[in-house]
Amino acid sequence: MTQPPQPPNDPPQGGFGAPQDPPPGGFGAPTPPPADPFGKQPATPPAGGFGAPTPPPADTQPPAGAPQQPGPGYGYPQGQQPGYGYPQSQPPQPGYGYPQAPVPGQPQQGYGFPQGMPPGQPPQQGYGYQTTPMQQPQPPQQNGNGGKKFSTQMQIIVAASVAVVLIVAGGIWYSSSGGDDGKKDEASQSSGSAEGKGGENKGGVAADGAGKEKAPTDPKSKVAFQLPLPKVTDVTKVDGSWLTDKAYVKSGLNEIVAYDPVKGTKLWSIPLAGQVCAASRHMSKDYKTAIAFEQGKPTKATKYQPCNQVGAIDLNTGKLMWSKSVTAATSGDASVRFDEVTLSGTTVAAGGTEGGVAFDLNTGAERWKPKATTDGCYDKGYGGGEALAVVRKCGTYDDPQLVIQALNPTTGAPISSYKMPPGVDYASIVSTKPLVVAADVGDTAGDGSGISDFFSIDASTGKLLTRIAADGEKYAARCASTEVESCSQVVVGNNRIYVPTEDHEGTGEYGDTNEIVSFDLTTGKPTSDRADAGDRYTMFPIRMDGGNIIAYRVPPYDKGGQVVSIDGATFKQTVLMENPSDESIRDAETSFTPDYSEFRYSDGHLYLSSTMVSKPSGSLDASRRLVVSFSRP
């Protein structure tokens, strides 16, 4: 499993739980954005140059005050790696992760992680959508090519070959494509909307209906409140982040706390016997949810307390409705230890390596518990939401057999079963209705994402509808092997699965970009859906809104992040929120990564929160917070 980013040395003063309103201008003294954020091209191309370089415009000298060193990385601790879209202070050199000069007839691939597409090359077929040609002058038609124009790949090869000839001849020539002027920032939109490129304009309403989120008059946001990191002595989970119509609720240190969604003032808190170790991502219609927590606080004698308590919380009243532990079927009086918990309807289901159990949400009455078996099978974990499903693990540690079952939430009786193919050690439930499972078959993903394939299953019969290959070098969704319901950057709706592509070079002078694309869950085929993040932005889906996709745009080094709504029928994008570009605010925002953070957006409010904190080490990283909230007028 990928290790989490390192935490700061010390959290901001003021303790945990007391919200801190940002001073005027945001976090610290805001730095005005540079007048011209585009850096100057190096005087000479990188060694082993890639194609014919483009001459720099006359006015691309960085202004005074522009960043000279890479900014905060996306998914890295502060100051270690450059952020997405950040211009390099030195010309990149060939080596690990840097694309070498292309060999004619052979596409190149970088060595680093994640693998991107060769610079200057648009996404290829097989990426899950129809490729849109780059807007640039086309070479003349060749008589021996059937009258067809050169492909983009052939253009790159020809350009590289020409560059090599010119270099050998003793001179480097610059030429301008003339097609990139004015494309500095495709993510900046007027009137809060943007057209998604590449999606078929089908019109009408998406299969799952219209969304509730509406286009704002002004998408510009401001910092609403921030919460400091709690002081801990070891790696500590702080899973759990919920939105009701009255509060934002977050797991803290041995407690659950509700905050005013605008002011950040504390509304109520629920003290717990120990730390939250798992939290349902689902709520009932009347704002009730479930958690699992440790039986006590760490002591000198027992540093790590078992996660054996399951409880239900009323998020409206701030009450712990009930909490219980259960005895394992195979271990005498010992209590079952849980790895995860979920909710479906009024059924709370918790699972772990010792088995699972289900309770009534309102009363805490035990509904069902898997019986001990002689074949070594147990319920690894459950997926909730509109339906309930389980990953059941059988066999031995070296030769496991996983079975996906749709369950009756009230009785726990299997409705259907699907046996996963050999070579699957772990599986994750992406959605229960429709039933979609992700797995890394034979450890072939190769990128730590936990996904090589998606499996679309008929929940009523257990029949496999389709298996969708999700190349780890092309797609960026992730699932953790430690939890069944842990997938991020992927959503399901309209009988489609929506995933982001891996980052690749954009059409601008520098900076990565990506897209959100989809696959049909009945046929497994890629659709024409495609939403471009825009130059220097990348994006990923965070939830469905009816038939629309709510997505978060990760900003470049000189912009704030954005929340967009992607129409499920037309794939037109509407900007719902655009955050401030002040450096200190941007640093705090980009310290939250999708792998170790929770992203919650509703009705003009965005909440970014950590799911894991640890003992401070190294230099102070003042940008990290437990929660940062943005609000729109």
Side-chain angles (χ1 to χ4, degrees), residues 237-261 266-294 307-326 338-352 356-367 381-390 407 409-410 429 431-433 483-488 542-544 597-602 605 607 609-611 626-627:
K237 294 186 71 175
V238 283
D239 277 346
S241 188
W242 305 273
L243 272 176
T244 75
D245 58 346
K246 298 177 181 178
Y248 168 73
V249 186
K250 175 62 184 169
S251 296
L253 192 60
N254 302 314
E255 65 177 349
I256 304 291
V257 185
Y259 302 92
D260 183 281
K266 184 182 291 189
L267 301 177
W268 51 257
S269 64
I270 302 173
L272 300 172
Q275 185 59 29
V276 171
C277 40
S280 171
R281 58 177 62 183
H282 308 289
M283 297 183 298
S284 64
K285 293 182 179 179
D286 56 351
Y287 300 119
K288 296 173 184 176
T289 192
I291 59 171
F293 57 99
E294 297 172 354
C307 181
N308 57 18
Q309 304 294 309
V310 177
I313 295 174
D314 187 327
L315 299 172
N316 267 330
T317 63
K319 302 296 183 183
L320 178 64
M321 300 162 60
W322 54 264
S323 63
K324 291 189 174 183
S325 62
V326 295
F338 300 106
D339 297 325
E340 53 193 289
V341 64
T342 193
L343 176 67
S344 179
T346 59
T347 296
V348 175
V357 65
F359 304 93
D360 182 280
L361 171 66
N362 296 305
T363 67
E366 187 174 304
R367 283 191 166 175
Y382 304 91
E386 294 188 60
L388 187 66
V390 63
L407 302 179
T410 303
I429 296 174
S431 168
T432 57
K433 189 176 182 180
E483 296 180 25
V484 165
E485 198 173 41
S486 64
C487 298
S488 62
I542 55 178
R543 69 173 174 89
M544 295 297 297
S597 307
E598 293 162 328
F599 289 70
R600 302 286 185 263
Y601 177 85
S602 178
H605 300 283
Y607 306 87
S609 66
S610 300
T611 60
L626 177 68
V627 176

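One-based numbering along the sequence shown.
- Contact between Gly352 and Asp339 at its shortest, heavy atoms only, is CA-OD2, 3.5 Å.
- Between the side chain of Glu340 and the backbone N or O of Val484 there is at least one donor-acceptor pair closer than 3.5 Å.
- A donor-acceptor pair shorter than 3.5 Å can be found between the side chains of His282 and Glu485.
- We find that Lys250 and Glu598 are joined by a salt bridge, their nearest charged nitrogen and carboxylate oxygen being less than 4.0 Å apart.
- The closest donor-acceptor contact from the side chain of Arg600 to the backbone of Trp242 lies at 3.5 Å or more, if one exists at all.
- In the model, Thr346 has a side-chain atom that pairs as donor or acceptor with a side-chain atom of Arg367 under 3.5 Å.
- A heavy-atom distance below 4.5 Å is found between the side chains of Phe293 and Ser323.
- Side chains of Leu388 and Thr432 form no contact here, defined as non-hydrogen atoms less than 4.5 Å apart.
- Val249 has its side chain out of reach of Val257: every pair of non-hydrogen atoms, C-beta onward, lies at least 4.5 Å apart.
- Inter-residue side-chain proximity for Tyr601 and Leu243 is flagged as unmet; no heavy-atom pair is nearer than 4.5 Å.
- Panel note: side chain Ser280, backbone Ala290; no donor-acceptor pair is recorded below 3.5 Å.
- Judged by distance alone, with hydrogens and angles left aside, the side-chain atoms of Lys324 form no donor-acceptor pair with the main-chain N or O of Phe359 at under 3.5 Å.
- Within the 4.5 Å cutoff, the side chain of Lys319 has no heavy atoms near those of the Ile313 side chain.
- Taken from CD in Glu483 to OG1 in Thr342, the straight-line distance is 10.5 Å, to the nearest 0.5 Å.
- With contacts defined as side-chain heavy-atom distances shorter than 4.5 Å, the pair Thr289/Leu361 does not qualify.
- The distance from atom CG of Leu320 to atom CG of Leu272, rounded to the nearest 0.5 Å, is 6.5 Å.
- How far OG of Ser269 is from CG of Asn254: 12.0 Å, rounded to the nearest 0.5 Å.
- The distance from the CG atom of Leu315 to the OG atom of Ser284 is 8.0 Å, given to the nearest 0.5 Å.
- Between Glu366 and Val326 the shortest side-chain heavy-atom distance falls below 4.5 Å.
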(message) Test side-chain contact (heavy atoms from CB on, under 4.5 Å) on Leu626 and Val238; report intermediate values, then the result.
(response) CA-CA 9 Å; Leu626 177 68; Val238 283; 4.1 Å; yes

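- Asn362 and Lys288 share a donor-acceptor pair across their side chains, judged by distance under 3.5 Å alone.
- Two residues are said to be in side-chain contact when any heavy atoms from C-beta on lie closer than 4.5 Å; Asp245 and Asn316 meet this criterion.
- Closest heavy-atom contact between Gly252 and Gln275: O-NE2, 2.8 Å.
- For Ser344 (side chain) and Gly384 (main-chain N/O), no donor-acceptor pair under 3.5 Å exists by modelled atom type.
- Among all heavy-atom pairs drawn from Ala350 and Phe338, the shortest one is CB-CD2, 3.5 Å.
- A donor-acceptor pair is defined here as one N or O able to donate and one able to accept, closer than 3.5 Å; no such pair exists between the side chain of Gln309 and the backbone of Ala292.
- Closest heavy-atom contact between Ala279 and Gly240: CB-CA, 3.7 Å.
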(request) Might you work through the side-chain contact (heavy atoms from CB on, under 4.5 Å) test for Trp322 and Val310, ending with a clear yes or no? (result) CA-CA 8 Å; Trp322 54 264; Val310 177; 4.3 Å; yes

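- Between the side chain of Thr244 and the backbone N or O of Tyr287, no donor-acceptor pair lies under 3.5 Å.
- The aromatic rings of Tyr248 and Tyr607 sit parallel, their planes meeting at an angle under 30°, below the 60° perpendicular limit.
- Between atom NZ of residue Lys237 and atom OG of residue Ser251 there is a gap of 10.0 Å, rounded to the nearest 0.5 Å.
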